[in-house]
Amino acid sequence: MNADALLQQLTCHELGRRLECQETLPSTNDRAREFLDLFGPAAHGAVVVADRQTAGRGRMGRSWYSQPGSSLSLSVALWPGGEPSGFGTIPLAAALAVREALKGCGVAAGLKWPNDVLVGGRKVAGVLLEGRFSGDEHRGMALGIGVNLAQKREEFPAEFRAGATSVLAETGVTPDAVAFAAALLNALEPLLERAQSDPAGLVASAATAWVHRLGEAMVLETGGGRLEGRFAGVGPEGELRLETPRGVMSLVSGEVVHVRPLEAP
Ligand code: BTN
């Protein structure tokens with residue numbers, strides 16, 4: 001991606017003040033972390049984009065496949081100054097920004113908790129927030145966003161094909177990657193500010209964006225095993241509320257692996 005072309009379309013003030021567009025990187029999140037190591041709080045807002053990642057990472061220890069030339073792989077270095085209570089909603093801000101950028105391409109997307117972006121039940125984008133802490137204090141965070149822009153259905157690796165989609169696959173039109181990245185970053189900046197200043201308000205504003213419906217049965221994969229329950233909403237810090245026979249549990253991480261629609265009344 002051409003950095004000058006992207007800069008010209010940015011209307012945000014903090015994001016992209018430092019901008020690096022590389023042909024190949026192991027992972028844009030690693031590069032964002034290098035910025036944090038090098039510049040500390042001054043790295044806040046630095047954006048890294050790579051046309052190709054050789055070791056892209058996903059959530060829950062998975063790898064993230066991004067097809068060269070067809071995917072947007074982008075990371076933002078963050079050094080937020082506000083209360084840690086807002087940090088949990090940063091990935092949600094990113095997912096909402098992707099959703100807004102997709103809307104600009106005529107694609108209506110929903111969010112699967114915690115921050116997957118889906119179209120018609122297939123994943124079009126994912127978000128990975130990697131923070132570093134020293135005791136209670138953070139030492140910066142890398143907010144990584146991967147979006148499938150121009151893959152044809154048959155180009156996804158066989159194991160992801162059923163569950164993945166792209167803007168091209170949904171619309172038949174190859175989106176302009178620079179314009180998409182700019183729309184995403186321009187939408188992201190105010191959403192990140194809200195994640196800090198009013199996390200509960202940000203969560204409330206996402207109420208209709210979830211693909212989950214209240215009372216829907218779901219199975220959750222957590223580090224400690226599988227949990228079954230019913231969707232009871234998303235709490236003010238972005239936590240999933242799961243109604244179980246033992247009461248309502250609040251979960252801050254995990255993966256929704258199965259949902260069953262509400263039974264007819
Ligand atoms: C997920 O859904 O599991 C999260 C995927 C996040 C992928 C992006 S691509 C840019 C950034 N660099 C990485 O290595 N991962 C994130």
Side-chain angles (χ1 to χ4, degrees), residues 1 6 15-16 19-36 43 45-78 88-99 101-102 109-119 121-132 140-151 156-157 159-167 177-178 180-181 184-185 188 192 209-211 220-223 238 240 252-257:
M1 181 171 296
L6 177 55
L15 304 189
L19 173 64
E20 187 175 282
C21 294
Q22 296 267 14
E23 225 160 79
T24 305
L25 281 174
S27 156
T28 53
N29 263 27
D30 287 344
R31 185 65 184 137
R33 288 161 77 137
E34 279 170 23
F35 277 128
L36 293 162
V47 171
V48 186
V49 187
D51 296 332
R52 196 172 106 88
Q53 294 190 116
T54 53
R57 287 191 294 280
R59 291 178 57 248
M60 317 265 301
R62 288 182 300 238
S63 55
W64 176 259
Y65 170 76
S66 39
Q67 188 171 305
S70 301
S71 314
L72 177 64
S73 304
L74 172 156
S75 295
V76 184
L78 297 174
T89 56
I90 290 175
L92 174 60
L96 288 169
V98 172
R99 189 167 176 261
L102 287 169
L111 305 186
K112 175 175 164 240
W113 188 85
N115 44 55
D116 283 351
V117 186
L118 306 188
V119 182
R122 295 168 186 251
K123 183 156 164 172
V124 69
V127 174
L128 175 69
L129 180 70
E130 295 179 314
R132 279 162 328 157
M141 303 170 194
L143 174 63
I145 304 173
V147 188
N148 299 328
L149 292 180
Q151 291 92 335
F156 285 108
E159 66 267 37
F160 305 131
R161 206 165 291 154
T165 191
S166 71
V167 176
V178 173
F180 190 92
L184 171 53
L185 291 168
L188 180 59
L192 283 175
W210 299 109
V211 295
L220 220 89
E221 191 82 73
T222 71
L240 179 82
V252 293
S253 69
E255 172 90 359
V256 178
V257 289

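These numbers were taken from a predicted model, which means no experiment stands behind them. Worth knowing before you read on, the calculation uses all heavy atoms, side chains too, and leaves out hydrogens, waters and symmetry mates. Whatever order the structure lists ligands and atoms in, that order sets their numbers, starting from 1.
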Any side-chain heavy-atom pair from Leu36 and Arg132 closer than 4.5 angstrom? yes

Considering residues, nucleotides and ligands other than Glu159, do more than 12 of their heavy atoms fall under 6.0 Å from its CD? yes

Leu185 and Leu15 have their tightest heavy-atom pair at O-CD1, 3.7 Å

Is there a side-chain contact between Ser27 and Trp64 (heavy atoms, below 4.5 Å)? no

Is the shortest heavy-atom distance from the side chain of Asn115 to the side chain of Arg59 under 4.5 Å? yes

Minimum side-chain heavy-atom gap Leu25-Asp30 below 4.5 Å: no

Show me the short polar-atom pairs for ligand 1: any N or O of it lying under 3.5 Å from a protein N or O, with distances only.
from     : atom 1 : to     : atom 2 : distance (Å)
ligand 1 : 2 (O)  : Lys123 : NZ     : 2.5
ligand 1 : 3 (O)  : Arg59  : N      : 2.7
ligand 1 : 12 (N) : Thr28  : OG1    : 3.1
ligand 1 : 12 (N) : Gln53  : OE1    : 2.9
ligand 1 : 14 (O) : Ser27  : OG     : 2.8
ligand 1 : 14 (O) : Arg57  : N      : 2.7
ligand 1 : 15 (N) : Arg57  : O      : 2.7

